[in-house]
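Below is one structure, written out as structure tokens, with a few remarks after it.
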Amino acid sequence: MNAQMKTGILVASLVVVAVVASFAKRSDVYLLTLYCVYLMATFGLNLTVGYAGQMSLGQAAFFGIGAYVAAIALKAGVPFLLVLPISAIACFVVGLALGFPALRVQHHYLAFATLGFNVLVYLVMRNEEKLTGGTFGISGIPRPSLFGVSFDGPLAFFFFTFVSLIILAFFLWWLLRSPWGRAFAALRDNPIRAESLGVNITAYTLLAFAIGAACAGIGGVYYASLVEFIEPGPFHFSTSLTMLLAVIVGGSGRFFGPVIGTIIIILLPELLRSTNVSWLKFMQTWYLAVFGVAVVALMIWLPGGILSIGDRFKSKEVAK
Amino acid sequence: MTPFLEVKDVRKAYGAIKAVDGVSFDVGPGEIVGVIGPNGSGKTTLFNSILGQIAPTSGHVEFCGEDITGMSPLELSRRGVGRTFQTLQVFVKLSVRDNLIAAAQEFKGTLGGRLFAKPDAGLGDHADQMIELFRLKHVAHLPAGSLSYGQQKLIDIAMAFMAAPRLVLLDEPCAGVNPSLVDQLHDRLVELNKTQGGSFVVIEHNMDFIMKLCPHVICMVEGKVLAEGPPAQVQGNRAVLEAYLGN
Ligand SMILES: Nc1ncnc2c1ncn2[C@@H]1O[C@H](COP(=O)(O)OP(=O)(O)O)[C@@H](O)[C@H]1O
Ligand SMILES: [Mg+2]
């Protein structure tokens, strides 16, 4: 497949999503928007985990920090376009800090260090009632209106989120195509060799966490605005696990991996939960079981994720 | 003439094991020095002590008149010191071409500047030349991890030269490489020595390779330098024959 064909498929898919959304019922538009929001976070996590090889089970914490900062700021009347960079920078800075353990430990130790961080953030959200509203959360979060145009309606807010997601994805694509992307991959594949070739592994490790965190923070801003009410629940570390699963199932370290993974791990269960089609209703009860078996099977036959299927065929050809 | 690399009485002990036990030697600009010796004689540990992978217990290393003892690999790479490792160390998921670019891009501009640089960091042509030199053109776009051991070894070595370092330390470049590639490797190293003008220190068990490549050879046994000089002389040394080459 050449680059032109790929671009064609991409543009066509984006148009299809836009058209489908335009004719979808209200609850489905909501789900599509939710998908875009989670995808911002999983795109970021893919950079941290898939490209730079830094295990993280703390992405939901950044998603939450972004959402809470946005909720508080938006309610205080700060304009949306200002809230975005504030949340992104806040998460970038906290992400830098979370990168420091990664300079000392790797793999499953790092997974637990980041998970601990997520638990800590969750506790702050639940217990610092003055700031976060505790378990009651924060309600009445406004949706944005830019240059006099309100994005309050479900479809308007969907398109606003959709376009923002495309911009974020384009930015990440550009960043990963730059020499930084290669340095992240070098860090992931072989940090010792990388360092002897002048790769500043300290800087790139911290950046990998910070950029991934900033993406989740941006996702959190849209999340707060979408649901209009936030409480600690969605930012529990189990969401971090879900996000990591989405990255791995889709194909970690592949640009479009999170797009596929987030459909399967986040969108599909939600769609099934809200369906009225009778045979799909049957699936509702069985979804988790089927899902569990499917993930096990996938990890055995396609450990590189769904998007690695092309490589499977290619490597068989080379082997011949 | 002040030597380029000066290793002065370097020692490294692991508990009771004296892995490197007072080694001194000099390397001049553009010189190729061979290091031979039986397994476990401390050759790799000596390299690691020079290159900041481990801190020597005592002793000094000077490079171009500067004390570089205990400097990190990152700082050393900035000063133009490169290396290969005894085991394969390539970036398995990156293509051959990207491996080579990755090996030099961090020396171009600033960290922030590289975000806005061209995707190949302006090194595409240079990488292609290196690919040409090492006869890797037919695999240039495949992931390094998918290639044969010998091919990966060539990439591994080519990477060390991408940034044209002033000093390169090679740890057993011929290990696991088939004989036809060994000859090719010899020619490539001679060529790079001529074109880039760097100094090499080469650990190797392949005596033919060392004899052909290195005008100066050091033989290490049990952490100490047992003999030093032109290869023929070291090879004929009685002590060396007894400790290493005899069997
Ligand atoms: N990290 C280490 N811990 C303990 N002993 C080590 C370590 N690295 C090397 N050694 C010991 O140091 C000695 C020299 O090893 P090495 O430098 O690898 O030798 P060579 O490269 O000449 O084969 C060996 O006895 C080895 O067992
Ligand atoms: Mg060795």
Side-chain angles (χ1 to χ4, degrees), chain A residues 3 47 49-53 103 171-208 210-211 251-255 257 303-305 307-308 310-320, chain B residues 47-48 51-53 72-85 87-95 97-123 139 142-147 156 159-160 162-163 165 168-169:
Chain A
L47 185 146
V49 176
Y51 282 90
L103 300 174
F171 168 75
L172 285 175
W173 174 81
W174 169 82
L175 186 150
L176 288 167
R177 222 173 69 105
S178 81
W180 279 28
R182 200 180 289 107
F184 284 138
L187 169 68
R188 171 197 66 202
D189 281 0
N190 196 330
I192 292 176
R193 182 77 201 252
E195 196 187 13
S196 85
L197 292 169
V199 178
N200 187 336
I201 52 176
T202 306
Y204 283 109
T205 304
L206 298 182
L207 278 170
I211 296 168
S252 95
R254 287 165 193 277
F255 191 80
L307 287 185
S308 70
D311 283 9
R312 270 290 276 262
F313 289 119
K314 251 187 249 163
S315 63
K316 276 196 183 132
E317 266 168 40
V318 171
K320 269 182 208 162
Chain B
F47 266 26
N48 287 340
L51 290 158
Q53 260 81 26
S72 74
L74 185 65
E75 289 171 300
L76 288 171
S77 73
R78 295 261 177 266
R79 284 168 173 72
V81 182
R83 79 168 297 181
T84 66
F85 295 79
T87 50
L88 262 187
Q89 308 282 346
V90 298
F91 304 123
V92 288
K93 285 197 184 159
L94 289 180
S95 72
R97 194 165 183 270
D98 277 327
N99 265 275
L100 294 174
I101 296 173
Q105 67 170 34
E106 299 298 312
F107 302 100
K108 295 209 111 188
T110 59
L111 180 71
R114 282 192 292 279
L115 179 59
F116 299 95
K118 280 200 291 182
D120 71 358
L123 288 160
V139 293
L142 296 178
S146 70
L147 305 179
D156 187 314
M159 283 162 77
M162 267 302 287
V168 189
L169 283 75

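Within every chain, numbering begins at 1; the chains are lettered A, B, ... in the order of the sequence lines, protein sequences first and strands thereafter. Heavy atoms only: backbone and side chains are in, while hydrogens, waters and symmetry mates are out.
- Proximity to chain A (any heavy atom under 4.5 Å) is shown, for B/L123, by neither the backbone nor the side chain.
- Contacts of B/R97 classified as side chain to side chain donor-acceptor pair (under 3.5 Å), with partners at least two apart in sequence or in another chain: B/D128.
- When heavy atoms are compared at a cutoff of 4.5 Å, B/M159 approaches chain A by way of both its backbone and its side chain.
- Annotation: the span from A/N200 atom CG to B/E106 atom CD amounts to 8.0 Å, rounded to 0.5 Å.
- Ring centroid separation for the pair A/W180 and B/F116 does not come in under the 6.0 Å cut-off.
- B/L115 has its side chain within reach of A/L175: a pair of non-hydrogen atoms, C-beta onward, lies under 4.5 Å apart.
- Residue contact with chain A, scored on non-hydrogen atoms closer than 4.5 Å, is absent for B/L76.
- Residue with the most contacts toward chain B among A/V199, A/I201, A/I192, A/D189: A/D189 (heavy-atom pairs, distance under 4.5 Å).
- Comparing A/G181, A/G253, A/A194 by heavy-atom pairs within less than 4.5 Å of chain B, the highest count is held by A/A194.
- Between A/L207 and B/L111 there is a side-chain heavy-atom pair separated by less than 4.5 Å.
- Pairing each heavy atom of B/R78 with each of A/G198, the nearest pair is NH2-O, 3.1 Å.
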Query - Intermediate values then yes/no, side chain to side chain contact (heavy atoms under 4.5 Å, CB included), A/L187 and B/F91 - result: CA-CA 9 Å; A/L187 169 68; B/F91 304 123; over 6 Å; no
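- Proximity to chain A involves both the backbone and the side chain of B/A160, based on heavy atoms less than 4.5 angstrom apart.
- Annotation: ring-ring contact (aromatic ring centres under 6.0 Å, His included) contacts of A/F184 (sequence neighbours excluded): A/Y204.
- Ranked by heavy-atom pairs under 4.5 Å with chain A, the first of B/S72, B/A103, B/A121 is B/A103.
- Contact record, A/S196 with B/S77: O-CB, 3.5 Å, taken as the closest heavy-atom pair.
- Contacts of B/K108 with chain A are absent, with no heavy-atom separation under 4.5 Å from either backbone or side chain.
- At a 4.5 Å heavy-atom cutoff, the contact between B/D156 and chain A is made by backbone and side-chain atoms alike.
- Using a 4.5 Å cut-off between heavy atoms, A/A183 contacts chain B through both its backbone and its side chain.
- When heavy atoms are compared at a cutoff of 4.5 Å, B/R114 approaches chain A by way of both its backbone and its side chain.
- Between B/D98 and A/R182 a salt bridge is recorded (basic side-chain N to carboxylate O distance below 4.0 Å).
- Heavy atoms of B/A117 lying under 4.5 Å from chain A belong to its backbone as well as its side chain.
- Side-chain N or O atoms of B/Q89 include none that pairs as donor or acceptor with a backbone N or O of A/R193 at under 3.5 Å.
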